[in-house]
Novice: 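What follows is a structure written as structure tokens; I'll ask about it next.
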Amino acid sequence: MTQRRILVTSALPYANGHIHIGHLVEYIQTDIWVRFQKLRGNQCVYLCADDTHGTAIMIRARKEGRSEEALIAEMRDAHIRDFSEFDIEFDNYGSTNSDENRELCAQFWKSIRDAGLVKEKEIEQLFDPEEGTFLADRFVRGTCPKCGAADQPGDNCSKCAATYSPADLKDPKSTLSGATPEIRTATHLFIELEQLHEFLDEWTQSGDHLQAEVANYLKGHFLGDPLRDWDISRPAPYFGFEIPDSPGNFWYVWFDAPIGYMASTKQWCDANGEDFDKWWRDEETEIHHFIGKDITYFHTLFWPGMLKSAGFNLPTKVHIHGFLTVGGEKMSKSQGTFVMASTYRNHLNPAWLRYYYAAKLGSRLDDLDLNLEELVAKVNSDLVGKLVNIASRSAKFVGGQSLADSYPEDGGLFEAAAAKADDIAAAYERCDYSGAMREIMALADAANRYVEEAQPWTLKKDPEKQGEVQAVCSVALNLFRQLVVYLSPVLPRLAEQTVELLNVPIEKWDDVKTPLIGTPVSKFQHMMKRVTEEQVTAMIEESKAENEAAESEAAGDQWNDGPEALAAEPMSEECTIDDFVKVDLRVARIVSASDVPEADKLLALTLSLGGGETRNVFAGIKAAYKPEDLIGRLVVCVANLKPRKMRFGTSEGMVCASGSGGEEVFLLSPDEGAVPGQRVH
RNA sequence: GGGAGUGUAGCUCAAUCGGUUAGAGCAGUGGACUCAUAAUCCAUUGGUUGGGGGUUCAAGUCCCUCCACUCCCA
């Protein structure tokens, strides 16, 4: 087998937050692949870095009253600590805020300029006069210019799905300061990606660079039309690198972030006497990027385009994975399923998560669901019950002695398991870890059956049969070691423990093909504990508590009330008592509630004001309430609202509720004792 | 709104180019064993492959349509 030269990266974590179990899907996936490649004898380096630039970092540092450099240094230490606790082993962990990165950015920039891909355009952008900074779309909220929905983000409306530019918003507010932004023009630099259209068509649609569904997605969504220019500069103030030939402008964070892969490589090369060009300009080198599906287009359009323009190697493959859900739902801070790596570590063993993710990761970009009960079952059953059990039930009979001097007759088990080496390797290679785990666990079952039939515990009682005991245990321990070699990319610590037990290093994939003979066996020690549901529950509880503490700290008071709601929908102008009494608010009882099938957001309600007085109301609360849960409850309604014809009928009032819409709708309820028809003063 | 996906047993997933009676693990049930961390072994229940229609000798797989969910839209 010829040795491959492989450069591997995971996406750069942003220096604005800690590593959580969602991030870990990617780093564990990548780390397994890298460890596998190294075990196969390939020359493989795993590179990563913190992504440190951009507005979010600048704003956060400002809020915390310290420099960006201090913030990112602290975050980088925390990231490195988290990764190391999960046995994620980078060959170099850099930072996009490094000299190497600045130099490489300049080099890319010159190539892209020379290729005639850069042009300047004046664009209008909202500017926060209080913070003294231009505002990215997500930092502006206001009223949708199309449908008039309040509190919508700067680029599209969550109510009517209209897309627009932040400058079109009515009553825009900065989410940073609450100030009304001004429109200012600024010169931005753009890369004319369309000039690379033909190349990108070719690169994305041919070869094996992308998973099939990703190639389809790009074809369907981007490559069918001319590619838009890519805005890669941001005016000061901005935390990043100033563009050398455009003073006052900085490279957009997504320009310098992927270059960070190369800057990290450069650091590694310098530290290890390696030639940088061998890794990024020699076509013999394979380059593999592992990323999540949310950043697909940066890595499959811009990045190959940049590399092509600057004359570097193109990625051999971009491996894209799905998102993590917990219990079938998005990770949720309030439910405690948004678990930080460090919180997990406080309660559970990282090896469990590594195995669980491996058992569920396939080569496609389906989302991965972390089901906590399943985690408990899988770890206890597969790792403890099946795998470690093989050693546990055989090693103690030969502890302190040696394995048999020649490999005993085992009915072909060892050979059969060794024959799986290529299949299992192929599954790892294509990132089908779940397939690999299934094959390995089937072998573990076979090993347990062998021990079951051979009954070393019975043989042990007969002094004449001590040789047989040694033979049976030699087989069992060799089968166990085979499994551990297969699993060592996933469970490096278990591999180390096995080395201690059997006193022979595990160094290469082909170790599965040669049984150990005559080597000493150490005294058996427990290799892995079982998981309990209590541990999992404790982790979730701590995660919840952390979230509550964080919210409370942010709000600065004991009620956890944050400023977001008020900032999102700022106070209206003053009104008089006369203005207020024009609105006749009444307590009403919902006497019927039904779905409006043709409407996405509406429920049809009949409100009783008592004494036979009713109002038919269409309320936009479908996503938040089920009709059957509403019937009978008291609400507050606007009883004198002018009736309005809608497609589905006439609406004769409004039900009072707060919230931003969608599922975030909270009906007002009167306290106990109120009766329908009472006026609200 | 546009695009890309997903939907298979109670749960998590397989099923090669369209090809035998749709398979595993876990959970469940019955039994065996008692070396092992209540681990292991044997047997076994469980399916209208989201709904409907079509193509075909043959459809989980291909086509149309509807439903539900996920992600993306620079």
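Atom set for the values below is all heavy atoms of this structure, side chains included, hydrogens, waters and symmetry mates excluded. Below, chain A is the first sequence line, B the second, and so on; all start at residue 1.
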Novice: Taking the side chain of A/Ala377 as heavy atoms from C-beta outward, which of B/C41, B/C73, B/C26 is closest to it?
Specialist: B/C26
Novice: Measure from CD on A/Glu373 to C1' on B/A27 and round the result to the nearest Å.
Specialist: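 Result: 10 Å.
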Novice: Nearest to the side chain of A/Asn216 - B/A4, B/C42, B/A74?
Specialist: B/A4
Novice: Has the side chain of A/Glu534 got a donor or acceptor atom that lies under 3.5 Å from a matching backbone atom of A/Val536?
Specialist: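 Between the backbone of A/Val536 and the side chain of A/Glu534 there is no qualifying donor-acceptor contact (under 3.5 Å).
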Novice: Please determine, for the side chain of A/Asn389, which listed nucleotide (B/A74, B/A39, B/C41) has the closest atom?
Specialist: B/A39
Novice: Can you identify which nucleotide, out of B/A39, B/G5, B/U12, has its nearest atom closest to the A/Asp366 side chain?
Specialist: B/G5
Novice: Can you check the distance between B/G10 and B/U6, where both ends of the measurement are the P atom (answer in whole Å)?
Specialist: 22 Å
Novice: Which nucleotide in the list B/U37, B/U70, B/C41 gets nearest to the side chain of A/Ser392?
Specialist: B/U37
Novice: Could you give the distance separating B/A74 and B/U55 at their C1' atoms, to the nearest angstrom?
Specialist: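 Going atom to atom, C1' in each nucleotide, I get 40 Å.
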Novice: Look at all strands and tell whether A/Ser381 reaches a base, only sugar-phosphate, or nothing, counting heavy atoms closer than 4.0 Å.
Specialist: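 Sugar-phosphate, backbone atoms only, no base.
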Novice: Can you identify which nucleotide, out of B/U6, B/C73, B/G5, has its nearest atom closest to the A/Arg364 side chain?
Specialist: B/U6
Novice: What do you reckon, is CD of A/Glu373 surrounded by more than 12 foreign heavy atoms closer than 6.0 Å?
Specialist: no
Novice: Over how many whole Å does the gap from A/Leu479 atom CG to B/U40 atom P extend?
Specialist: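 Roughly 17 Å, once rounded to whole Å.
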Novice: Would you say A/Glu198 has more than 12 foreign heavy atoms packed within less than 6.0 Å of its CD?
Specialist: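 No, because the 6.0 Å sphere around CD of A/Glu198 holds 12 heavy atoms or fewer from other groups.
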Novice: If we take the C1' atom in both B/U37 and B/U45, what is their distance in whole Å?
Specialist: 30 Å
Novice: Could you check A/Glu374 against A/Phe298 and say which one's nearest nucleotide on RNA chain B is further toward the 5' end?
Specialist: A/Glu374
Novice: Taking the P atom of each, how far is B/C64 from B/U70, in whole Å?
Specialist: 24 Å
Novice: Quote, to the nearest angstrom, the P distance that separates B/C62 from B/C17.
Specialist: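 Rounded to whole Å, the distance is 11 Å.
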Novice: Roughly how many Å apart are B/G50 and B/G7, using the C1' atom of each and rounding to a whole number?
Specialist: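 Going atom to atom, C1' in each nucleotide, I get 6 Å.
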Novice: Can you see if the side chain of A/Arg449 gets near the phosphate of B/C42 - specifically, an N or O under 4.0 Å from OP1 or OP2?
Specialist: yes
Novice: For B/C17, does the glycosidic angle fall within 90° of 0 (syn) or outside that (anti)?
Specialist: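 In terms of base orientation relative to the sugar, B/C17 is syn.
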Novice: Report the distance from atom CG of A/Asp432 to atom P of B/U12, rounded to the nearest whole Å.
Specialist: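 Rounded to whole Å, this separation is 19 Å.
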Novice: B/A39 P sits how many Å from A/Phe524 CZ, rounded?
Specialist: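 The answer, rounded to whole Å, is 16 Å.
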Novice: Can you confirm whether more than 12 heavy atoms, excluding those of A/Gln525, are under 6.0 Å from its CD atom?
Specialist: no
Novice: Go through A/Trp303 and A/His289 one step at a time and tell me if the side chain to side chain donor-acceptor pair (under 3.5 Å) criterion holds.
Specialist: CA-CA 11 Å; A/Trp303 179 232; A/His289 297 302; 3.0 Å; yes
Novice: Looking at A/Lys420, I want to see if its NZ is surrounded by more than 12 non-hydrogen atoms of other residues, nucleotides or ligands under 6.0 Å.
Specialist: no
Novice: Give one of base, sugar-phosphate or nothing for A/Met527, where a contact means two heavy atoms less than 4.0 Å apart.
Specialist: base
Novice: Classify the nucleic acid contact of A/Asp445 as base, sugar-phosphate or nothing, counting any heavy atom under 4.0 Å across all strands shown.
Specialist: sugar-phosphate
Novice: Give the rounded distance in Å between these two atoms: NZ of A/Lys330 and P of B/C69.
Specialist: 12 Å
Novice: Using purine N1 to pyrimidine N3 plus N6-O4 or O6-N4 for Watson-Crick, or N1-O2 and O6-N3 for G-U wobble, each under 3.5 Å, what pairs with B/U6?
Specialist: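 B/A68 - that is the nucleotide pairing with B/U6, both distances being under 3.5 Å.
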Novice: Using the P atoms only, state how far B/G52 lies from B/U61, rounded to an integer number of Å.
Specialist: 13 Å
Novice: Please report the distance separating the P of B/G5 from the corresponding atom of B/C41, rounded so that it comes out in whole Å.
Specialist: 41 Å
Novice: Write down the distance between CG (A/Leu218) and C1' (B/A74), rounded to a whole number of angstrom.
Specialist: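 That distance rounds to 12 Å.
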Novice: Taking a pair as Watson-Crick or G-U wobble with both distances under 3.5 Å, which nucleotide is matched to B/A32?
Specialist: B/U40
Novice: Can you figure out which of B/U37, B/U12, B/A74 approaches the side chain of A/Val388 most closely?
Specialist: B/U37
Novice: What's A/Arg438 touching, base or sugar-phosphate or nothing? Going by heavy atoms closer than 4.0 Å.
Specialist: sugar-phosphate
Novice: Output the rounded distance in Å from CG (A/Asp382) to P (B/C26).
Specialist: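 Atom CG in A/Asp382 sits about 7 Å away from atom P in B/C26.
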Novice: Validate the cation-pi geometry between A/Lys121 and A/Phe190: distance from NZ or CZ to the six-membered ring centre under 6.0 Å, angle to the ring axis within 45°.
Specialist: yes
Novice: B/U40 phosphate, OP1 or OP2: any side-chain N/O from A/Arg393 under 4.0 angstrom?
Specialist: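 Checking A/Arg393 against B/U40: no side-chain N or O falls below 4.0 Å of OP1 or OP2.
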Novice: Within the 4.0 Å heavy-atom criterion, would you say A/Lys386 contacts the bases, only the backbone, or no part of the nucleic acid?
Specialist: sugar-phosphate
Novice: Checking contacts here: which listed nucleotide (B/C42, B/U40, B/A36) is nearest the side-chain heavy atoms of A/Lys396?
Specialist: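 Nearest listed nucleotide: B/A36.
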Novice: Return the nucleotide paired to B/A24: Watson-Crick means purine N1 to pyrimidine N3 with N6-O4 or O6-N4, wobble means G-U with N1-O2 and O6-N3, both under 3.5 Å.
Specialist: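 Paired with B/A24, as far as the under-3.5 Å criterion goes, is B/U12.
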Novice: Report the nucleotide, chosen from B/A74, B/C71, B/U40, that has the shortest atom-to-atom distance to any side-chain atom of A/Asn448.
Specialist: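 Between B/A74, B/C71, B/U40, the one nearest the side chain of A/Asn448 would be B/U40.
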Novice: With RNA chain B as reference, determine whether A/Leu368 or A/Lys378 sits nearer its 5' end, using the nearest nucleotide of each.
Specialist: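 Upstream on the strand: A/Leu368.
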Novice: Counting the atoms with a prime plus P, OP1 and OP2 as sugar-phosphate, which does A/Lys219 contact under 4.0 Å by heavy atoms, base, sugar-phosphate, or nothing?
Specialist: nothing
Novice: Pairing check on B/G1: which nucleotide meets the Watson-Crick or G-U wobble criteria with it, both distances under 3.5 Å?
Specialist: B/C73
Novice: Please report, rounded to the nearest Å, how far the C1' atom of B/G2 is from the CZ atom of A/Phe222.
Specialist: 12 Å
Novice: Contact class for A/Val451 vs. all strands (heavy atom < 4.0 Å): base, sugar-phosphate, or nothing?
Specialist: nothing
Novice: Under 4.0 Å between any heavy atoms, over every strand shown, what does A/Met441 touch: base, sugar-phosphate, or nothing? Just pick one.
Specialist: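 No contact.
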Novice: Tell me if the NZ atom of A/Lys465 is crowded by more than 12 foreign heavy atoms within 6.0 Å.
Specialist: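 No, NZ of A/Lys465 has 12 or fewer neighbouring heavy atoms, counting only those of other groups under 6.0 Å.
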Novice: Any idea which of B/U70, B/C13, B/A74 is nearest the A/Lys360 side chain?
Specialist: B/C13
Novice: Please indicate whether A/Glu533 has more than 12 foreign heavy atoms, meaning atoms of other residues, nucleotides or ligands, lying under 6.0 Å from its CD.
Specialist: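 Check fails, neighbour count at 12 or below.
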